[in-house]
Amino acid sequence: MSCSLALANSPALSPPMSLFRDNSPIISPSPEALNLSLTHLKPSSSPSSPCSPFRLRLQKPPSGSLLSSSVSTSASSSDSGSTAGLGPRPASAILKRKRPTRLDIPMATTALHFGVPATPCAVMREVEREGCGYSVYCKRGRREVMEDRFSASVKLQGDCKQAFFGVFDGHGGAKAAEFAALKLEKNILDEVVGRKDETMVEEAVKAGYLKTDAEFLKEDVTGGACCVTALIQNGSLVVSNAGDCRAVLSRDGAAEALTSDHRPSREDERNRIETLGGYVDLCRGVWRIQSCLAVSRGIGDHHLKQWVIAEPETKIITIKPEYEFLILASDGLWDKVAIEFYFMHLSLIYFISLLSLSWMVIHVNLNSFFLFLFLFQVSNQEAVDIARPSCVGINKQNPLSACKKLVNLSVSRGSSDDISVMLVQLGQF
């Protein structure tokens with residue numbers, strides 16, 4: 001901002017009385033002055049014109065802009081005798097000035113792909129879908145955007161007995177989960193078709209996972225995703241996972257886990273990481289790789305790719321009549337509640353121990369903590385027990401309602417993570 005020295009006889013030091021009159025406005029509402037910047041003004045040689053060393057000058061915007069159109073509208077309704085600057089104007093001209101026309105700014109939306117047609121918006125709170133033999137329900141946690149995705153395809157190659165399902169839990173953003181939902185199914189099916197030997201299905205699924213991971217790394221995008229998939233073909237159920245998304249089977253009402261979570265706390269995963277030169281440590285009650293990531297396998301995670309591999313673990317079983325349904329769910333359903341209550345209860349134990357200074361109190365509280373943790377964790381069997389009445393029996397089946405019950409149960413117990421639950425009716429395949 002430039003500055004000048006005002007002399008003793010300058011109007012800046014001895015302003016005329018007209019400066020304080022209502023008919024001499026300090027700032028002119030002229031439309032030719034529309035620029036939000038302070039500019040220096042030279043004192044007027046006329047003693048009757050009010051001046052100040054500084055004033056707010058609003059320059060006219062470039063023609064063609066949205067603001068220019070509103071200014072021209074205002075200017076057309078202004079008094080024809082108005083002039084730019086600080087010239088005297090009647091007070092009525094100020095009162096007659098109209099507000100600029102309202103600017104309509106379009107709202108930008110981002111489409112998501114859940115491995116199915118695009119969903120409306122990234123910030124949507126809930127997603128639900130029902131199809132032939134499956135139902136899925138996703139609910140956003142406390143994040144601003146949902147990072148979970150899913151994929152569901154039935155009647156593969158025109159065969160109603162073949163299908164592919166998947167749930168993908170993103171971390172560090174939703175890009176990896178969205179990419180996996182769009183690409184993993186195609187890559188796996190391409191590998192399965194290319195290997196006509198049915199005994200090579202496990203190798204085909206592995207190749208599909210690794211190909212998807214390699215393609216995502218070429219995108220040079222941060223973040224990663226845990227995956228759990230189920231391929232149904234020729235009467236077989238092929239379940240694979242990389243990360244902590246889980247698949248649970250209901251066999252005549254008994255829960256059977258078909259996957260094992262890939263976490264740094266697993267002894268074999270920890271040994272693998274340490275053999276490759278990494279380390280695993282306990283951070284705020286959670287075992288993490290390089291003090292960073294709480295899962296040891298998944299798609300993406302370029303900065304940790306040396307230790308976080310995309311190779312899945314696969315289990316193949318033959319579908320039998322007693323196999324009722326399959327639950328595919330992100331980790332938000334299973335154990336996030338336990339972690340949050342872990343810190344809450346440890347804080348309570350510490351506070352009580354300070355007040356009582358008694359080791360007996362600490363011992364009693366630790367015992368109650370483990371009981372407390374068990375009661376508030378959604379177990380595999382509990383999930384099956386809640387879902388089964390809506391999926392099996394003579395009553396009207398409503399698998400989508402079962403998905404919602406499981407999600408809402410976890411939310412009611414304190415889970416703040418994104419939660420996705422998919423139920424697959426194996427009797428239809």
Side-chain angles (χ1 to χ4, degrees), residues 133-134 136 150-154 156 161-169 180 184-185 187-193 195 197-213 225-263 265-269 272 295-299 308-331 333-335 379-381 383-384 387 391 420-429:
Y134 75 93
V136 61
F150 68 85
S151 176
S153 297
V154 296
L156 297 179
K161 297 296 184 180
Q162 296 190 32
F164 180 89
F165 306 101
V167 170
F168 311 95
D169 181 7
L184 185 56
E185 174 191 340
N187 290 337
I188 290 177
L189 293 179
D190 288 345
E191 294 291 336
V192 170
V193 173
R195 305 167 192 249
D197 187 358
E198 295 184 0
T199 61
M200 301 295 292
V201 173
E202 184 175 348
E203 289 297 323
V205 173
K206 174 182 174 181
Y209 269 75
L210 296 178
K211 182 179 179 181
T212 304
D213 182 58
C226 300
C227 313
V228 59
T229 58
L231 173 63
I232 301 176
Q233 67 165 8
N234 303 325
S236 297
L237 175 63
V238 184
V239 175
S240 307
N241 78 306
D244 56 4
C245 292
R246 191 179 303 176
V248 177
L249 173 69
S250 173
R251 176 187 289 186
D252 281 337
E256 179 181 339
L258 300 183
T259 61
S260 179
D261 300 344
H262 294 129
R263 297 183 179 275
S265 56
R266 268 179 51 173
E267 185 177 358
D268 57 340
E269 290 293 286
R272 177 182 62 81
V295 293
S296 56
R297 299 195 190 192
I299 302 294
V308 182
I309 61 177
E311 180 179 340
E313 288 185 320
T314 300
K315 188 171 184 178
I316 304 176
I317 61 175
T318 302
I319 299 178
K320 298 179 181 180
E322 60 266 25
Y323 295 167
E324 299 168 336
F325 57 88
L326 179 70
I327 301 176
L328 303 178
S330 59
D331 70 317
L333 176 67
W334 310 109
D335 57 359
S379 65
N380 297 340
Q381 187 61 56
V384 168
C391 300
S420 297
V421 177
M422 178 182 289
L423 286 177
V424 180
Q425 299 283 75
L426 296 178
Q428 300 199 21
F429 302 99

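As a basis for the values below, the full set of heavy atoms in this structure was taken, side chains included, without hydrogen atoms, waters or symmetry mates. These figures come from a predicted structure and were not determined experimentally.
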Report the distance from atom NE2 of His262 to atom CG of Asp244, rounding to the nearest 0.5 Å.
10.0 Å
Has Thr212 got a side-chain atom pairing as donor or acceptor with Ala180's backbone, closer than 3.5 angstrom?
no
Polar contact flag, side-chain donor to acceptor under 3.5 angstrom, Glu313-Ser260:
no
Smallest heavy-atom separation, Gly208 atom then Asn187 atom, equals O-CB, 3.8 Å
Give me the atom names and distance for the closest heavy-atom approach of Gly253 to Val384.
O-CG1, 3.6 Å
Is it true that a side-chain atom of Arg272 and a backbone atom of Ser296 form a donor plus acceptor pair closer than 3.5 Å?
yes
Is there side-chain contact between Gln233 and Val201, with at least one heavy-atom pair below 4.5 Å?
yes
Which heavy atom of Asp261 sits nearest to which heavy atom of Cys245, and what is that distance?
OD1-O, 4.2 Å
Check whether any side-chain heavy atom of Leu249 lies under 4.5 Å from a side-chain heavy atom of Val239, and answer yes or no.
no
dist Ile317:CD1 -> Ser236:OG (nearest 0.5 Å) comes out at 9.0 Å
Might you point out which heavy atoms bring Ala242 and Ala310 nearest each other, and give the distance in Å?
CB-O, 4.2 Å
Chi angles and distances behind the side chain to side chain contact (heavy atoms under 4.5 Å, CB included) call for Leu156, Leu231:
CA-CA 10 Å; Leu156 297 179; Leu231 173 63; 4.3 Å; yes
Let me confirm one number: the CG-CZ distance from Leu333 to Arg246, rounded to the nearest 0.5 Å.
8.0 Å
Test side chain to side chain contact (heavy atoms under 4.5 Å, CB included) on Cys226 and Asp331; report intermediate values, then the result.
CA-CA 9 Å; Cys226 300; Asp331 70 317; over 6 Å; no
Quick check for you: to the nearest 0.5 Å, what is the distance between Asp190 atom CG and Glu185 atom CD?
10.0 Å
Approximate separation, where rounding is to 0.5 Å, of Glu269 CD and Glu267 CD:
11.5 Å
For the student: nearest non-hydrogen atoms of Phe429 and Gly133, plus distance:
CE1-O, 4.0 Å
Tell me if a side-chain donor or acceptor on Arg297 pairs with a main-chain N or O of Glu311 at a distance below 3.5 Å.
yes
Could you grab the distance from atom OG1 of Thr229 to atom CD1 of Ile188, nearest 0.5 Å is fine?
4.5 Å
Going by the angle between their ring planes, with limits at 30° and 60°, are Phe165 and Tyr134 parallel, tilted or perpendicular?
tilted
Quick one: does Val248's side chain get under 4.5 Å of Trp334's, heavy atoms only?
yes
Given 3.5 Å as the limit, does a donor-acceptor pair link the side chain of Gln381 with the main chain of Ala255, or not?
yes
Where do Leu258 and Leu237 land on the side chain to side chain contact (heavy atoms under 4.5 Å, CB included) test, with the steps shown first?
CA-CA 10 Å; Leu258 300 183; Leu237 175 63; 4.1 Å; yes
Validation row: Cys391, Leu423 side chains within 4.5 angstrom (heavy atoms):
yes
Any side-chain heavy atom of Gln162 within less than 4.5 Å of one from Asn234?
yes
Yes or no on side chain to side chain contact (heavy atoms under 4.5 Å, CB included) for Ile299 and Cys227, after CA distance, side-chain angles and deciding distance?
CA-CA 8 Å; Ile299 302 294; Cys227 313; 3.5 Å; yes
Of all heavy-atom pairs between Ser330 and Val167, which one has the smallest distance, and what is that distance?
N-CG1, 3.9 Å
